[in-house]
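Scroll down for the structure; my scribbles are underneath it.
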Amino acid sequence: MRDYIRRTFVLAALFAAFSSFLGAESSVKLLNRTVELSWSDNVTVDAEAFSDVKAGDTIELKYKNIKADYHKFKVYGVGSSGWQPLGYGGVKGAGFLNGDLETEKNSGTVLITLTEDDANNLKKGGLIMHGYGLKVSAMTLAVAAGTVSVPASKRPRKPNTEPKSISDGTAQATGPVGGPFAEHGRLHVDGAYLYDSHNAKYQLYGMSTHGLAWFGDYVNKDGFKTLRDDWNTNVVRLALYPGEYNGYCNGGNQEELKKLVCDGIDYASSLGMYVIVDWHVLSANPTQYKEAAKTFFAEISRKYGSYGNVLYEICNEPTGSDWSRVLKPYAEEIIPVIRQNDPDAVVIVGTNTWSQEVDKAAKNPITAYRNVMYALHFYADTHTQWMRDRLESAVKAGLPVFVTEFGTCDASGNGGFNADESRKWFDLMAKYSISHCNWSLCNKDETASVIKSSCKKLSGWSEGELTESGRLVRQHFRGLKK
């Protein structure tokens, strides 16, 4: 993905002295150069530009469409609850599509009428804009109180290198709203356990997507709502492969894949669910993609650092990678990248041999950073009592383990469905309040999928449309406390 230089803004004609002619509209210029919008880089305007903004004022954007097949954007006010999209008070020159603003012409003007909440958010934290396929050549604020000028002490200054109050992404989020997050808030790790904001032990459980490059259609709000309301889950895991064919670092469209991740975070957040961003390294040494991982997690954590419902899984199933010599040092390089933007985030570190060697991590855990957990993966027909013993020993030794991936079948993912062994795992995870995600949310023709290959629906699945594994997993989740 190409880098974008931090946008520079000139704030002109700000609210210092009102014109004596009340009701005469004046325009406050917020942007004095053309910018090409990106989902991964944010256009920001400081709160001081909006010190006297009020309901009924309008923000005017002049744009040019440079991607006829895909051109959307979002504008936010940064309030106390995070990024709040502007436009619901009225918008001309654009329409809503899946929460994004979509321009109606190849070039023109968009007028966003501000509500009282919009005005309050802009005064509190300023404005953030991003998108794709558009160049914005002008941004002005039309106010009805007259023209004012900027005092010398408040002349334009370079924005912060990293914008603060970053809480939202690309699809339709307004920050975590309602749902499990409203009750439990930001999570943290203490000893071997995950706790909620009330310092009560808390267990996350839900579905993992398959690879976003191949089954990205399952990233949709209605599907996640089905998982929350019908399946009784509280977390979604977004699996982004870096190395497989068409993966993020192997020929995949990075803009589109990153947008899928952002959309997934936004959909989950709009439902008050937790979400795991999974850098899905598979059967490899994660240092192969270390620099790409740093860039990716820097961007995601910068965008969502203040949300509180986002967890970061920094290597899915590393293999042939010694814990002390490879994986722990790798983690100690990636974690501070995330911590710079999200100091309290829970970070999950994969363990060697397809995330099975939690025993090695228990003997040499990461101590330089808090809120770190360790991944264990099991497939019930392959990983039986010997693996359960390993997990139990690690937890008793004080290691906080997160089963970020499990299957009800054998380790190939396509055979050996085993309900009895799966239930033994469910019992053990309940005993130690171990969080877990099932593989996988898709209709791929294999045992591990929860949706039948004949079913093309992306949400609202009936029991008859689920696989044998899907029915067992849904039944299990429905029996847990959200």
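Ser469 and Thr408 share a donor-acceptor pair across their side chains, judged by distance under 3.5 Å alone. Side chains of Asn414 and Ser412: a donor-acceptor N/O pair is absent below 3.5 angstrom, by distance only.
Of the possible donor and acceptor atoms, none in the side chain of Asp381 sits under 3.5 Å from a partner among the backbone N and O of Phe417. A donor-acceptor pair is defined here as one N or O able to donate and one able to accept, closer than 3.5 Å; such a pair exists between the side chain of Arg390 and the backbone of Gln356.
The number of heavy-atom neighbours closer than 6.0 Å to NZ of Lys294, taken from other residues, nucleotides and ligands shown, is above 12. No more than 12 heavy-atom neighbours from other residues, nucleotides or ligands sit within 6.0 angstrom of CH2 on Trp354. The neighbour count for Asp445 CG, taken as heavy atoms of other residues, nucleotides or ligands under 6.0 Å away, does not exceed 12. Counting heavy atoms of neighbouring residues, nucleotides and ligands inside a 6.0 Å radius, atom NZ of Lys360 does not exceed 12 of them. Open room surrounds NZ on Lys363; 12 or fewer heavy atoms of other groups in view lie less than 6.0 Å from it.
With respect to the salt-bridge test (charged N to carboxylate O, under 4.0 angstrom), the residues Arg186 and Asp342 qualify. Residues Lys431 and Asp427 are not paired through a salt bridge, judged by the lack of any N-O separation under 4.0 Å between the basic side chain and the carboxylate. Note on Glu465 versus Lys452: no salt bridge recorded, every NZ/NE/NH1/NH2 to OD/OE distance being 4.0 Å or above. Salt bridge Asp230/Lys225: absent, no basic N to carboxylate O contact under 4.0 Å.
In this structure, Leu204 CG and Met273 CE are separated by 10.0 Å, a value rounded to the nearest 0.5 Å. Thr367 contributes atom OG1, which lies 7.0 Å from atom CD of Glu332 (distance to the nearest 0.5 angstrom). Expressed to the nearest 0.5 Å, how far OH of Tyr76 lies from CG of Asp118 amounts to 13.0 Å. Here His377 contributes atom NE2 and Thr351 contributes atom OG1; the two are 7.5 Å apart, rounded to the nearest 0.5 Å. Atom CG of Leu311 and atom CG of Leu194 lie 7.0 Å apart (nearest 0.5 Å). Between atom CZ of residue Phe181 and atom CG of residue Asp196 there is a gap of 11.0 Å, rounded to the nearest 0.5 Å.
Here the shortest heavy-atom pairing between Glu421 and Ala380 reads CB-O, 3.4 Å. Considering every non-hydrogen atom in both Leu187 and Val346, the closest pair reads O-CG2, 3.8 Å. Across every non-hydrogen atom of Ser321 and Ala284, the tightest pair is OG-O, 3.8 Å.
For an aromatic pair to be called close, the ring centres must be under 6.0 Å apart, and Tyr374 with Trp323 satisfies this. Taking the centre of each ring, Trp214 and His280 stay at or above the 6.0 Å mark. A ring-centre distance under 6.0 Å is not found for Trp425 and Phe406.
Relative orientation of the Phe224 and Tyr267 rings is perpendicular, given thresholds of 30° and 60° on the angle between their planes. The aromatic rings of Tyr218 and Phe215 sit tilted relative to each other, their planes meeting at an angle between 30° and 60°.
Using a 4.5 Å heavy-atom cutoff, the side chains of Ser269 and Asn309 are in contact. Val45 is listed as a side-chain neighbour of Met139, based on a closest heavy-atom distance under 4.5 Å. Contact annotation: the side chain of Val450 approaches that of Trp231 to within less than 4.5 Å [non-hydrogen atoms, C-beta and beyond].
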Practice item. Tell me, with the steps shown, if Val401 and Tyr432 meet side chain to side chain contact (heavy atoms under 4.5 Å, CB included). Key: CA-CA 10 Å; Val401 176; Tyr432 291 105; over 6 Å; no
Exercise for review: Show your working on side chain to side chain contact (heavy atoms under 4.5 Å, CB included) between Leu271 and Lys221 and close with a plain yes or no.
Suggested key: CA-CA 8 Å; Leu271 296 165; Lys221 186 175 181 179; 4.0 Å; yes
Exercise for review: Determine, stepwise, if the pair Lys424 / Asp420 fulfils salt bridge (charged side-chain N to carboxylate O under 4.0 Å, His left out).
Suggested key: CA-CA 7 Å; Lys424 290 177 183 178; Asp420 290 341; over 6 Å; no
Exercise for review: Could you give me the CA-CA distance, side-chain angles and deciding distance for Trp439 and Tyr379, then say whether ring-ring contact (aromatic ring centres under 6.0 Å, His included) is met?
Suggested key: CA-CA 9 Å; Trp439 185 269; Tyr379 281 77; 8.0 Å; no
Practice item. Apply side chain to side chain contact (heavy atoms under 4.5 Å, CB included) to Glu463 and Arg474, showing your working. Key: CA-CA 9 Å; Glu463 187 167 346; Arg474 175 176 175 268; 4.0 Å; yes
